There are 2 protein chains.
Amino acid sequence: MKGAIDLSGIDPAFHQQVDLLARDMSAHGVRRDEPVRTTFAMLGDRWSTLILLVLGFGTWRHAELRRVLGRLGAEEKISQRVLTLKLRAMERDGYVVRHVVPTVPPRVSYALTDLGAELRDHATGLIGWVNAHQQEIRKARVRFDLAEADAD
Amino acid sequence: MKGAIDLSGIDPAFHQQVDLLARDMSAHGVRRDEPVRTTFAMLGDRWSTLILLVLGFGTWRHAELRRVLGRLGAEEKISQRVLTLKLRAMERDGYVVRHVVPTVPPRVSYALTDLGAELRDHATGLIGWVNAHQQEIRKARVRFDLAEADAD
DNA sequence: CGGTATCCTAAAAGATACTG
DNA sequence: CAGTATCTTTTAGGATACCG
């Protein structure tokens, strides 16, 4: 982690492996619109991971979910439109089920599917890891920002 | 995964737990600019995970890295500017080291730190999981799109 | 070669008003 | 209540030219 980069690793033979690497990565579902990409994009957007975690606690109606997300201190609040958008995307990928009781007005509720619950477990795993290393990350940021300020 | 939502879960007592939940989630580093959020956002953006994976294979110069990313079939190609941006963000958070040999022109290379390597392991774990379930996801999409088309 | 500056486009997200 | 429609703001990302 110091300045210990091994430059000897940079040689022509190494770079001829690039095409192999490329094929390897493509097999990792790295292309646009493939599940891997869209799922990562989902987890990385402003709300979906939060929604995933909250739905992990049970079944919620649309309006309730909106209020809860607003109370997390994480962000301001999610607009009705965006919540609908996110839930629909998660439903489309099979992470969420939408249940409608056709009264007037209809009662609509959302919950995780088994697949969604598994994804949530992976997400919490990663959250746990980042949390465990947050001091390291914060220190790196301070170091970087100081070094940058020094350069001026 | 069927229509098996337990609506009995929706009761007032349940919702009085919301504040507890909120505190719980805040402790999960769910706020803006906190490592958890920024790291997830990073993994979810267009290039960072790809960069993480490629750097997992060794040490790369800036231009080489750019060429490799362009060959992955994943996207078109990354602009010089964006690659610099992404690498800098990853360096700032301590996931990447930048090494400069001050020749003219200087040789600059990038590699993962130990922290970055750990993050890459988590990322590949998640990639593996999604890949293992991609058929499930694709089927859900088809089902959803058909149901939507039916509605018209 | 690596990086920066400038400009531009596309996509995500927010605000608000409206409907069944 | 849930969802849609419309408009505006914000942000990520790309194109290009230039510098040390």
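Just so it is clear: chains get the letters A, B, ... in the order the sequence lines come, proteins before strands, and each one is counted from 1. The structure displayed is predicted, hence computed values, not measured ones. Because only heavy atoms are used, hydrogens play no part in the values below, and waters and symmetry mates are left out as well, while side chains stay in.
One can place CD of A/E91 at 13 Å from C1' of D/dA2, the figure rounded to the nearest angstrom. When rounded to the nearest whole Å, the span between CE of B/M42 and C1' of D/dG13 equals 17 Å. One interatomic measurement links the two molecules: CG of B/L87 to C1' of C/dG3, which rounds to 12 Å at whole-angstrom precision. Atom NZ of A/K77 is separated from atom C1' of C/dA15 by 8 Å (rounded to the nearest Å). Rounded to an integer number of Å, the gap from A/I78 CD1 to D/dA2 P is 14 Å. Distance CD1 (A/I51) to P (C/dA12): 15 Å, rounded to an integer number of Å. Separating the CZ atom of A/R66 from the C1' atom of D/dC1 is a distance of 11 Å, rounded to the nearest angstrom. B/L83 has its CG atom 11 Å from the P atom of D/dG14, to the nearest Å.
Under 3.5 Å, the side chains of A/T38 and B/R141 contain a donor-acceptor pair of N or O atoms. Under 3.5 Å, the side chains of B/T124 and B/D121 contain no donor-acceptor pair of N or O atoms.
To the nearest 0.5 Å, atom CZ of residue A/R37 and atom CD1 of residue B/I127 are 9.5 Å apart.
One cannot find a donor-acceptor pair under 3.5 Å joining the base of C/dG2 and the side-chain atoms of B/R107.
Ranking D/dG14, C/dG3, C/dG14 by closeness to the A/S79 side chain, first place goes to C/dG14. Among D/dG3, D/dG14, C/dG3, the nucleotide with an atom closest to any side-chain atom of B/W47 is D/dG14. Among C/dT4, D/dG3, D/dG13, the nucleotide with an atom closest to any side-chain atom of B/T84 is C/dT4.
In this structure, B/Y110 does not reach the C/dC1 phosphate: none of its side-chain N or O atoms is under 4.0 Å from OP1 or OP2. The phosphate of C/dC1 (OP1 or OP2) has no side-chain N or O of B/W60 nearer than 4.0 angstrom. Look at A/R61 and you won't find any side-chain N or O under 4.0 angstrom from OP1 or OP2 of D/dG3. Residue A/R46 has a polar side-chain atom (N or O) positioned under 4.0 Å from OP1 or OP2 of C/dG14. Distances shown here put a side-chain N or O of A/K86 below 4.0 Å from the OP1 or OP2 atom of C/dA13. Using a 4.0 Å cut-off, no side-chain N or O of B/R81 falls inside it from OP1 or OP2 of D/dC18.
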May I have the step-by-step check of side-chain contact (heavy atoms from CB on, under 4.5 Å) for B/K77 and B/L69, ending in yes or no? CA-CA 7 Å; B/K77 60 199 189 79; B/L69 289 168; over 6 Å; no
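Comparing A/P105 and A/Q80 by the nucleotide of DNA chain C whose heavy atom lies nearest to each, the residue mapping closer to the 5' end is A/Q80. The residue among A/V100 and B/P106 whose nearest nucleotide of DNA chain D is located toward the 5' end is A/V100. Comparing A/V82 and B/R88 against DNA chain C, the residue whose closest nucleotide sits nearer the 5' end is B/R88.
Remark: the backbone N or O of B/V54 is paired with a side-chain donor or acceptor of B/W60 at under 3.5 angstrom. A distance-only check finds a donor-acceptor pair linking the side chain of B/T113 to the backbone of B/Y95 [under 3.5 Å].
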